[in-house]
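For reference, the structure is listed below as structure tokens.
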2 protein chains.
Amino acid sequence: MTDAALRQIETDEVSPEARPATRTLSVVDRIRTAVLAGEFEPGTRLHEVRLSERLGVSRTPIRSALQSLASEGMLEYTPNRGYSVRRFSTAEIVDAYEIRAVMEALAARFAAERGLPEAERAAIERVLAEGDEILAARDLGEEEKLAYTAVNTTFHEAIHSAARCRMLGDMIRVCHSVPHSSHRNVVSFEHMDVRRRHDDHHRIYDAILACDPYRAEMLMREHVASVKTSLVRALSGRPMARRGRS
Amino acid sequence: MTDAALRQIETDEVSPEARPATRTLSVVDRIRTAVLAGEFEPGTRLHEVRLSERLGVSRTPIRSALQSLASEGMLEYTPNRGYSVRRFSTAEIVDAYEIRAVMEALAARFAAERGLPEAERAAIERVLAEGDEILAARDLGEEEKLAYTAVNTTFHEAIHSAARCRMLGDMIRVCHSVPHSSHRNVVSFEHMDVRRRHDDHHRIYDAILACDPYRAEMLMREHVASVKTSLVRALSGRPMARRGRS
DNA sequence: TCAAGCGATAATGTATACACATGAGGGCTG
DNA sequence: CAGCCCTCATGTGTATACATTATCGCTTGA
């Protein structure tokens, strides 16, 4: 009890600005982060009682959170047997890229058809310039890689937002729960690859500005699908997919 | 013990084939059916207590079911304010068709790339023949329309299944929770439209059999998107979208 | 008369106790 | 000795009581 209260306060102090409205939502975040960080092996069962002891809340919000995460596709549920960390085959990871490719392509098309709102336009121009700067250097240190990953994320999120279609945004988000299949993980930082992908960004932006839905869609689809190709190369290089950092 | 056993048996007699494993799952079905049948106006709040009284179970499975349906996109959730029936704008319905178009197109491509399993091949050939028969008549009565709707559903489901990609299947299922945006509702039964769409089915099947992913994808995309066009025509004809039967 | 603050009420969020299902281990029987 | 069944332990499913939050109407003051 005292322990739980302390941890609660601790959590509040760590993130004072964005405290979730309910415990359930807080638990969703905590478990999601833990799973994405690889704290549980795929296939591990998540026992409600143990989680509730570990996180210091009762089983009710735990159950609720587990159900949420299962519907996101991150966990697997079997009636009367509970939840376990979903195991993704290589095929599923690759498929997730294909799905993400057509979805993000559709988002780019919507953005081109509907016009780019001022806020998104500004954000994209900013990250394009930032990316230009980062890539001006001959080699990328760890810091630059992190910075470019943020640039990449912002670029894509701006386009999702410009698509103005909630269902599409939701579905793209689901794709990101698949390990490796997120623009938050820049798969390859090889010189040619990054520069080429950054150039893609410029062209996609041009197409959207020019209100050319077909070109925007086509470019974005190839952009995302090409990452899949890099990924397959990487996976076949080292047969086992490592999880976690990098 | 005895009481529980009796209730169990009773339930078995009522629905001998598909008894849900838990009350939560049963409640999910019941609420989903009610909402799809239009028993609640869009925007209506679903009070947990009232539902629990109406369905004769406690709030726990009700809450669980509501959460499920919200993650399917059928309900809307606001923390501390509960669930309400999601209101779909015309724009969202049309967008759902676009999304479904690219997803089903991807499914067709996967099917073509991966080959058609025997079971799916048989099912498709059967419904293609059945559709030919139905459409041989000059005019379609109510019964024929129902029969053709079933044919349509089976055709599409066989292709989803042949795609062998769970995530894709899940996402397509989500599209179907949007009213009007389901192949279970054949939008237009005008002669030309139905015949054309049935012809599309034949061609899509041919493309998949010929292992022509590009053609299968393109045909399916146009096939679904064209329904969108019919829908827009219909909606602009009668400005208010009627829900429920027909 | 209107606006703002406050309190009552109802609905959701959470905790906990109990019911039931599943699986493993040991004892009984053929 | 092998196989089956029964029992028990573990963990999920459900019900219910309590805590917290939102909403609405009322009062009060300007």
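The model shown is predicted, which means the values in this text are computed figures rather than measured ones. Residue numbers begin at 1 in each chain, while the letters A, B, ... track the order of the sequences.
- Listed by chain and residue number, B:Ile208, B:Pro213, B:Ala216 satisfy the side chain to side chain contact (heavy atoms under 4.5 Å, CB included) test with B:Ala112 (two or more places apart in sequence, or in another chain).
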N/O donor to acceptor pairs below 3.5 angstrom from side-chain atoms of residues 50-58 of chain B, sequence neighbours left out:
unit_1: B:Ser52; atom_1: OG; unit_2: B:Val49; atom_2: O; d: 2.8
unit_1: B:Arg54; atom_1: NH2; unit_2: B:Glu39; atom_2: OE1; d: 2.7
unit_1: B:Ser58; atom_1: OG; unit_2: B:Thr60; atom_2: N; d: 3.3

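- For A:Asn80, the side chain to side chain donor-acceptor pair (under 3.5 Å) test picks out no residue, with sequence neighbours left out.
- Partners of B:Arg63 according to the side chain to side chain donor-acceptor pair (under 3.5 Å) rule, which considers only residues two or more places apart in sequence or in another chain, are B:Glu48.
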- line: In B/S/- notation (B base, S sugar-phosphate only, - none; protein heavy atoms under 4.0 Å), nucleotides 11-16 of chain C written 5' to 3' is SBBBBB
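- In this structure A:His223 satisfies the ring pair (Phe, Tyr, Trp, His ring centres under 6.0 Å) test together with A:His156, A:His201, sequence neighbours excluded.
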